[in-house]
Amino acid sequence: MSVSQIRHDWTLSEVEQLFNQPFNDLMFQAQTIHRQNFNPNDVQVSTLLSIKTGACPEDCKYCPQSARNKTGLAKEQLLEVQKVITAAEHAKAAGSTRFCMGAAWSSPNDRDMPVVLDMVRQVRGMGMETCMTLGMLTAAQAQQLGDAGLDYYNHNLDTSPEYYDQIITTRTYQDRLDTLDYVRSAGMKVCSGGIVGLGENAQDRYGLLRALANLEQHPDSVPINMLVKVKGTPLENVDDLDEFEFIRTIAVSRIMMPKSHVRLSAGREKMNEQMQAMCFLAGANSIFYGCKLLTTSNPEESSDVQLFKKLGINTEQGRQYSDEAFEASILDAVKLGSQDKMFYDAAT
Ligand code: SAM
Ligand code: DTB
Ligand code: SF4
């Protein structure tokens, strides 16, 4: 089997074996596959903006925006388009290439669609990639977004099918899969991942990654979030997930979905530089950039710039190295075990 073969038939025991191999072997395998598919020193950066905050009717136990969770979050109406454009301009000036707009909706109301579509057109008109996460969509809403030029739609599976009803009861796993189908059918790219550290067990992490990788087509972008524990949510006191387990989750995502961007997502504020560097080594090649996620904080832009400088990371400019010659040379290097050939020089 080629190490970067695209598969959609993973079994739980195969995922378990990937997770539980010695850490160094796992990291080597993930980094090898990463290098077959991407420039290892490029990281894509996306900036988030909450375009409608709080009072969400869904009961997601992790979420500060659910109306059932008493988090003291101020509820806001849908933002005016001009405010969204101003935030996108700031993000672009700070070096972000994708602008991701999120709304605390169960699903968008048709009467809000014209405003949302206007946001897509205008942000795209600024030369940024666009992403939205608005909850469940109908096929018709997905088509409208696709026709307006939305590049990506984010809709996470969140956790394994087995653990799901411990976390959300107001929409089903199948509802989520249906939205992902509508997004694909409307010609948009799919951004779908999940959260770890929800109190799930290891089998649930295997199940989440298996559900993502066994989709008919791998998501183009796979956000892996570490739970941000927010006071007033039912998960505020859940035990911390071991950091190596988080890094292993990134590495296994990279191996199972070799050509997808794996995003080191929420939770970075609590991670030190070395931990983040390990995540990049494990194959993460995207982050949320900007001092705020949707409602919680994220590292300052300046500290991310410093970290990238220390690590020699470039923000991605659409360069990908997936051509056969590059892949063959990397495979040769792996076979020979040659360190010299393994390391790609970001500056060339
Ligand atoms: N309301 C829409 C939905 O849920 O489909 C879109 C916005 S929602 C906030 C997007 C994603 O953010 C969720 O699916 C979840 O994976 C992630 N998220 C929300 N709260 C989080 C938290 N406290 N820690 C980590 N990730 C979180
Ligand atoms: C995703 O997977 N993570 C982002 C984005 N998609 C929309 C959201 C993280 C939210 C963290 C909690 C907050 O800031 O409200
Ligand atoms: Fe609402 Fe999305 Fe938060 Fe769930 S994750 S409560 S759907 S905003």
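First listed ligand is number 1; within each ligand, the first listed atom is number 1.
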Check: Run the side chain to side chain contact (heavy atoms under 4.5 Å, CB included) check on S253 and L209 step by step: do they pass?
Finding: CA-CA 7 Å; S253 305; L209 298 194; 3.5 Å; yes

Next item on the list: Could you check T138 against Q144 for side chain to side chain contact (heavy atoms under 4.5 Å, CB included), going step by step and ending with a plain yes or no?
Entry: CA-CA 10 Å; T138 62; Q144 286 179 304; over 6 Å; no

Checklist line | Evaluation steps, side chain to side chain contact (heavy atoms under 4.5 Å, CB included), between L18 and W10 | finding: CA-CA 11 Å; L18 286 176; W10 294 93; 3.8 Å; yes

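What sits closest to atom 6 (C) of ligand 1 on the protein, heavy atoms only, is T133 OG1, 3.0 Å. Ranking protein heavy atoms by distance to atom 12 (C) of ligand 2, first place goes to T296 OG1, 3.6 Å. Scanning the protein for heavy atoms near atom 7 (S) of ligand 3, the closest one is R171 NH2, 3.3 Å. Nearest non-hydrogen protein atom to atom 15 (O) of ligand 2 is T295 OG1, 2.6 Å. In this structure, atom 8 (C) of ligand 2 lies nearest to the protein heavy atom L294 CD1, 3.9 Å. Summary of contacts: the protein heavy atom closest to atom 6 (N) of ligand 2 is N154 OD1, 3.2 Å. In terms of protein heavy atoms, atom 27 (C) of ligand 1 is closest to I195 CD1, 3.7 Å. When hydrogens are left out, the protein atom nearest atom 11 (C) of ligand 1 is N156 ND2, 3.7 Å; that is the closest non-hydrogen contact. Counting only heavy atoms of the protein, atom 4 (C) of ligand 2 lies nearest to F288 CE1, 3.6 Å. The shortest contact between atom 21 (C) of ligand 1 and any protein heavy atom is with Y62 CD1, 3.7 Å.
With M226, K52, R171 as candidates, the residue nearest to atom 3 (C) of ligand 1 on a non-hydrogen basis is R171. Remark: among candidates T233, N225, N298, the nearest residue to atom 2 (O) of ligand 2 is N225, based on non-hydrogen atoms.
T249 places a side-chain N or O within donor-acceptor distance of the main-chain N or O of E245, the cut-off being under 3.5 Å. Remark: side-chain polar atoms of N69 are not paired, donor with acceptor, to backbone N or O of T71 under 3.5 angstrom.
Contact check for I224 versus S265: no side-chain heavy atoms found under the 4.5 Å cut-off. Between H261 and V222, every side-chain heavy-atom pair lies at or beyond the 4.5 Å cut-off. The side-chain heavy atoms of R263 and S221, taken from C-beta on, include a pair separated by under 4.5 Å. Inter-residue side-chain proximity for L177 and Q174 is flagged as met; some heavy-atom pair is nearer than 4.5 Å.
Shown in contact with L294 at under 4.0 Å from a heavy atom are these atoms of ligand 1, numbered in order with element: 9 (C). Near G135, meaning under 4.0 Å from any of its heavy atoms, are these atoms of ligand 1: 2 (C), 3 (C), 5 (O). With ligand atoms numbered from 1 in the order given, ligand 2 contributes 7 (C) to contacts under 4.0 Å with heavy atoms of T133. Near N156, with a cut-off below 4.0 Å to any heavy atom, the atoms of ligand 2 are 1 (C), 2 (O). The distance from ligand 1 to the heavy atoms of H155 drops below 4.0 Å at these ligand atoms: 5 (O). Of all atoms in ligand 2, listed by their number and element, those nearer than 4.0 Å to a heavy atom of P223 are 2 (O). Atom numbering of ligand 1 starts at 1 in the shown order; those under 4.0 Å from a heavy atom of W105 are 1 (N), 2 (C). Annotation for ligand 2: atoms under 4.0 Å from non-hydrogen atoms of L48 are 4 (C), 5 (C), 7 (C).
Contact annotation: P64 has at least one heavy atom less than 4.0 Å from an atom of ligand 2.
For V228, heavy-atom contacts with ligand 1 shorter than 4.0 Å involve the backbone as well as the side chain. Under 4.0 Å from ligand 2, not a single heavy atom of V228 appears. Contacts of N225 with ligand 1, taken as heavy-atom pairs under 4.0 Å, involve the side chain alone. Residue contacts with ligand 1 for C60 are absent, since no atom lies close enough (heavy atoms, distance under 4.0 Å).
Residue D158 places at least one N or O, backbone or side chain, under 3.5 Å from an N or O of ligand 1. At under 3.5 Å, not a single nitrogen or oxygen of V230, backbone or side chain, sits near a nitrogen or oxygen of ligand 1.
Annotation: the span from T295 atom OG1 to K292 atom NZ amounts to 7.0 Å, rounded to 0.5 Å.
Between Y164 and Y173, the ring planes lie perpendicular to each other; the angle is over 60°, past the 30° to 60° tilted range.
Residue D220 forms a salt bridge (charged side-chain N to carboxylate O under 4.0 Å, His left out) with just one option from R98, R184, K259, and that option is R184.
Side-chain N/O atoms of T130 and D151 include a donor and acceptor closer than 3.5 Å. Side-chain contact annotation: N201 with Y206, donor-acceptor N/O pair under 3.5 Å absent. Side-chain contact of E58 with S66: a donor-acceptor pair under 3.5 Å is absent, judged by distance alone.
Atom 2 (Fe) of ligand 3 lies below 4.0 Å from none of the non-hydrogen atoms of the protein.
No single ILVMFWY cluster, assembled from side-chain heavy atoms under 4.5 Å apart, contains both Y182 and W105. Following chains of ILVMFWY side-chain contacts shorter than 4.5 Å, one cannot reach M113 starting from M136, and the two form parts of different hydrophobic clusters.
Around atom 4 (Fe) of ligand 3, protein N, O or S atoms at less than 2.8 Å comprise C60 SG.
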Considering only distance and modelled atom types, tabulate donor-acceptor pairs under 3.5 Å from the side chains of residues 274-283, sequence neighbours left out.
from: Q276; atom 1: OE1; to: R268; atom 2: NH1; distance (Å): 2.9
from: Q276; atom 1: NE2; to: M271; atom 2: O; distance (Å): 3.2

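Ion pairing between E14 and R7 holds under the 4.0 Å rule for side-chain N and carboxylate O. No salt bridge links D112 with K52; every basic N to acidic carboxylate O contact stays at or beyond 4.0 Å.
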